[in-house]
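Have a look at the structure below, then the notes.
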Amino acid sequence: AQSVSQHNHHVILSEAASLELGCNYSYGGTVNLFWYVQYPGQHLQLLLKYFSGDPLVKGIKGFEAEFIKSKFSFNLRKPSVQWSDTAEYFCAAHGSSNTGKLIFGQGTTLQVKP
Amino acid sequence: EAGVTQFPSHSVIEKGQTVTLRCDPISGHDNLYWYRRVMGKEIKFLLHFVKESKQDESGMPNNRFLAERTGGTYSTLKVQPAELEDSGVYFCASSWWTGSTGELFFGEGSRLTVL
């Protein structure tokens, strides 16, 4: 069955610390991968996406993610977090034949302490 | 450009009552999706409209849920009668075209509490 798994449900960091949020997927065939973020009181918005090509994807606000096919992983990273990065982060996937039917991970709440 | 808007932002009803959630997609977006997040769980797909047609409704939990998109513009999701397990946040999203590279634009969600 298709699934997306996020390892950390709640992460607490101090400002300037480095961030890595884990995401693994189980998907037959070609997969497209996404990271969405939901800031408090706001809508879900796209951080970055991977469809093909360079497995290191850069997104908005200094975030990046690396697609490692052999590990079925798409971890999100940021070298130095800020208090404004406090939010919930969602990894998601869909197959190339599926349009818009995203499979989401459980979400990771990131709390950055000033 | 206005984003995806959802109404109401929060609804509290009693078990057995009816609730209708509304979603206005971004103008010109043919694709409209409903998702739901039950507390503590992952966001799950409910259904997908292309214009006014239901493309995929495989995620609809049961026949107490009815989604419509008359005229291919806004959409409504009606829950009748509501049960306790229907509580959660209902997200609407829209996108330009039916293609695997299409980014979904989400609304802020409608939080439903069934007492």
Side-chain angles (χ1 to χ4, degrees), chain A residues 1-10 21-53 57 59-60 67 87-109, chain B residues 1-7 9-10 23-26 29-51 53-60 69 75 88-111:
Chain A
Q2 299 163 346
S3 67
V4 174
S5 178
Q6 294 180 237
H7 315 304
N8 320 96
H9 296 297
H10 195 93
L21 301 182
C23 173
N24 285 90
Y25 65 92
S26 173
Y27 230 98
T30 303
V31 64
N32 301 315
L33 296 159
F34 307 79
W35 276 97
Y36 280 86
V37 60
Q38 186 173 28
Y39 298 102
Q42 296 187 27
H43 60 275
L44 277 158
Q45 56 185 286
L46 184 68
L47 265 182
L48 47 80
K49 59 187 176 184
Y50 173 80
F51 293 125
S52 64
V57 180
I60 61 172
F67 171 61
E88 191 162 16
Y89 293 80
F90 297 90
C91 184
H94 71 57
S96 58
S97 60
N98 262 338
T99 54
K101 187 177 178 178
L102 291 170
I103 307 292
F104 281 89
Q106 302 93 322
T108 298
T109 302
Chain B
E1 179 182 276
V4 177
T5 56
Q6 294 187 245
F7 183 82
S9 56
H10 193 185
C23 169
D24 286 79
I26 292 172
H29 282 193
D30 286 344
N31 295 276
L32 187 148
Y33 309 86
W34 284 98
Y35 285 80
R36 176 175 76 167
R37 188 182 195 193
V38 172
M39 190 169 62
K41 301 275 186 86
E42 65 272 22
I43 300 170
K44 284 194 171 180
F45 169 85
L46 295 179
L47 88 159
H48 170 205
F49 283 99
V50 177
K51 297 185 180 178
S53 299
K54 291 177 185 174
Q55 186 79 4
D56 181 352
E57 52 184 329
S58 61
M60 294 288 264
R69 194 183 181 196
S75 174
V89 181
Y90 290 77
F91 293 101
C92 178
S94 69
S95 68
W96 284 107
W97 51 280
T98 306
S100 61
T101 59
E103 174 184 348
L104 297 192
F105 295 84
F106 283 84
E108 293 185 10
S110 290
R111 181 178 295 277

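Throughout, protein chains are lettered first and strands after them, A, B, ... in sequence-line order, and every chain is numbered starting at 1.
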Any A:F104 side-chain heavy atom under 4.5 Å of B:K41 side chain: no
Close side-chain approach of A:I103 and B:F45, heavy atoms under 4.5 Å: no
4.5 Å side-chain heavy-atom contact, A:K101 and B:D56: yes
Greatest number of heavy atom pairs closer than 4.5 Å to chain A - which of B:K44, B:R37, B:E42: B:R37
Proximity breakdown for B:S9 and chain A, heavy-atom pairs closer than 4.5 Å: neither
A:Y39, OH atom: more than 12 neighbouring heavy atoms under 6.0 Å: yes
Part of A:Q45 within contact of chain B (heavy atom distance under 4.5 Å): neither
Under 3.5 Å donor-acceptor, B:Y33 side chain and A:L102 backbone: no
Pairwise distance NE2(A:H43) to CD(B:Q6) - rounded to 0.5 angstrom: 11.0 Å
Side chain to side chain, A:L46 and B:L104, heavy atoms closer than 4.5 Å: no
Under 4.5 Å from a heavy atom of chain A, the part of B:F105 involved: neither
